[in-house]
2 protein chains.
Amino acid sequence: MSRATLLLGAAVEDYLKSIYKLSLENERVTPKMVAAEQGVSLAAVSKMVKRLCEQKLVRYDRGEGIDLSPPGRKVALEIVRHHRLIEAYLCEALGYSWDEVDEEAEKLEHVISEEFEDRIDRLLGHPTHDPHGAPIPTKDGEVDHRDHPALSEFDSGRVVVQRVNDHDPAMLRYLGDCGLYPGVSVDVLGEEPFGGPIHIRVAGEEISIGKELATHVFVEVAEEGKK
Amino acid sequence: MSRATLLLGAAVEDYLKSIYKLSLENERVTPKMVAAEQGVSLAAVSKMVKRLCEQKLVRYDRGEGIDLSPPGRKVALEIVRHHRLIEAYLCEALGYSWDEVDEEAEKLEHVISEEFEDRIDRLLGHPTHDPHGAPIPTKDGEVDHRDHPALSEFDSGRVVVQRVNDHDPAMLRYLGDCGLYPGVSVDVLGEEPFGGPIHIRVAGEEISIGKELATHVFVEVAEEGKK
DNA sequence: CGAATAACTTAACCTTGGTTAAGTATAGAC
DNA sequence: GTCTATACTTAACCAAGGTTAAGTTATTCG
């Protein structure tokens, strides 16, 4: 069984991963979205989706969109688990900064063995989240599905950063400069009108960040009790 | 430049690596040897060799055999460096045993970035040899080329294990049981006639190992001076 | 309703890396 | 010197994964 999944090409794994990700953000996943996500032509997606259907990894209907089948979802989650574990490992064990890990993990995720997966998992103490705050699926395919509101939706109060968008290294570097890491408390002080910047306090420092940037930072209202 | 090498498929890298390895053990590298090493048909090698010639990565002449060009050699050594660094890393940092590392390194060697290579190299303190005693090429393609005589060629005296053959995990486990790791001193006590076993002392224990096995353990005469 | 546009599919083609089967070269035996 | 086994090459094919170009569906606009 794990035999079969190992024979899947890296491309197949990437498609399934993209479909999984897109299905979290949209309730209909279209070929066009997959093409954009994967950076390939629509024709390539069309052909691949047909193959994935034949292998029963997805179901597809022009009305319904593309849906992962249970086995397809399992593969996707396995790859996501690899990806996020590797990201965590690269940061913690090899001193990578959080804007460098995605690219490396993108390649490693397809080739590591279960042995490798287990060893880094154990070494890290079974981490639950990657360096950007994304949940790491468990080996049996469970994953914490809460999604948090964006920082851009708050105009006052104290929140705690839960996750940041991880796909633009430059943005990650900037967020790092701002100290906006998962787990960090942020006081939202106010916001300028007409899409203006949001004023926040992070680690005692008052800074302003663009509304657009704030849509990429996901937070949770801070628990009461600590100043 | 590193651009170009990154675009090489994993298969191309594997062929170059095989040709490199074979060129150390034979002064003529034939398509047949490459086919055996890579586990593919002779036809596949024929075709690939033609392509490698077009890309100026090897030269080929039926009389001369296959030879790496300077750029081909550079790619080969880069992959060998990756392979051996990864093996060392897996042992030292992730607790792999030396019989497990080859398989994992075989896949990782093609996908790691220069960043990854540099980080593990630094973390290990710029190791010069992999866990089996094979030399790790430097970044600029230099490699320690001494080859050591096999243990099977000795029938008395004290030697130090330098390197062991790394391709059979079961043999590696057995060698591990015998304590025959690189760096270990061995007293050769004698050998039975007609290809019989060799009697040795390792770490105080007297054991006998088959002649065949002894051809896979490469040693150096021990320096005088320490009992 | 019909036409324009966006989304998708199909077809024809490319490259990489493999296969088997059939043909050619070459070296050694006689 | 020819015969034959071994080594090698070529040809025809396959599958994965991509491309562009040319249809086809569907939706939306007027």
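Just so we're on the same page: letters track the sequence lines, and every chain starts at 1. Note that the structure is predicted; figures quoted are calculated from it, not measured.
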Exercise for the section: State plainly whether the residues A/E192 and A/K211 are in salt-bridge range, i.e. N to O under 4.0 Å. Expected result: no
Could you check whether [Y] and [X], counting side-chain N and O atoms only, form a donor-acceptor pair closer than 3.5 Å?
X	Y	value
B/H216	B/E212	yes
B/H132	B/D102	no
A/H83	A/D130	no
B/Y15	B/Q38	no

Practice task
Quick one: pull up CZ in A/F116 and CD in B/E103 and give me the separation to the nearest 0.5 Å.
Solution key: 13.5 Å
Fill in the blank from the handout: Rounded to whole Å, CD1 of B/I66 lies from C1' of D/dT9 at a distance of 13 Å
Practice task
Whole angstrom is fine here: how far is it from NZ in B/K50 over to P in C/dT16?
Solution key: 14 Å
Problem - Within residues 14-40 of chain A, residues whose heavy atoms come under 4.0 Å of DNA chain D - result: A/Y15, A/V40
Handout entry: Cation-aromatic face contact B/R119/A/Y96, 6.0 Å, 45 degrees
Key = yes
Practice task
State which of C/dT10, C/dG18, D/dG17 makes the closest approach to the side chain of B/A11.
Solution key: C/dG18
Exercise for the section: Specify the residues of residues 41-48 of chain A, ordered by number, for which at least one heavy atom lies under 4.0 angstrom from an atom of DNA chain C. Expected result: A/L42, A/A43, A/S46
Problem - Phosphate contact (C/dG17 OP1 or OP2) by B/R51 side-chain N/O below 4.0 Å - result: yes
Exercise for the section: Using only side-chain N and O atoms of A/Y60, determine if any of them is under 4.0 Å from OP1 or OP2 of C/dT9. Expected result: yes
Practice task
Have a look at A/R81 and tell me which of A/E114, A/E13, A/E109, A/E117 forms a salt bridge (charged side-chain N to carboxylate O under 4.0 Å, His left out) with it.
Solution key: A/E117
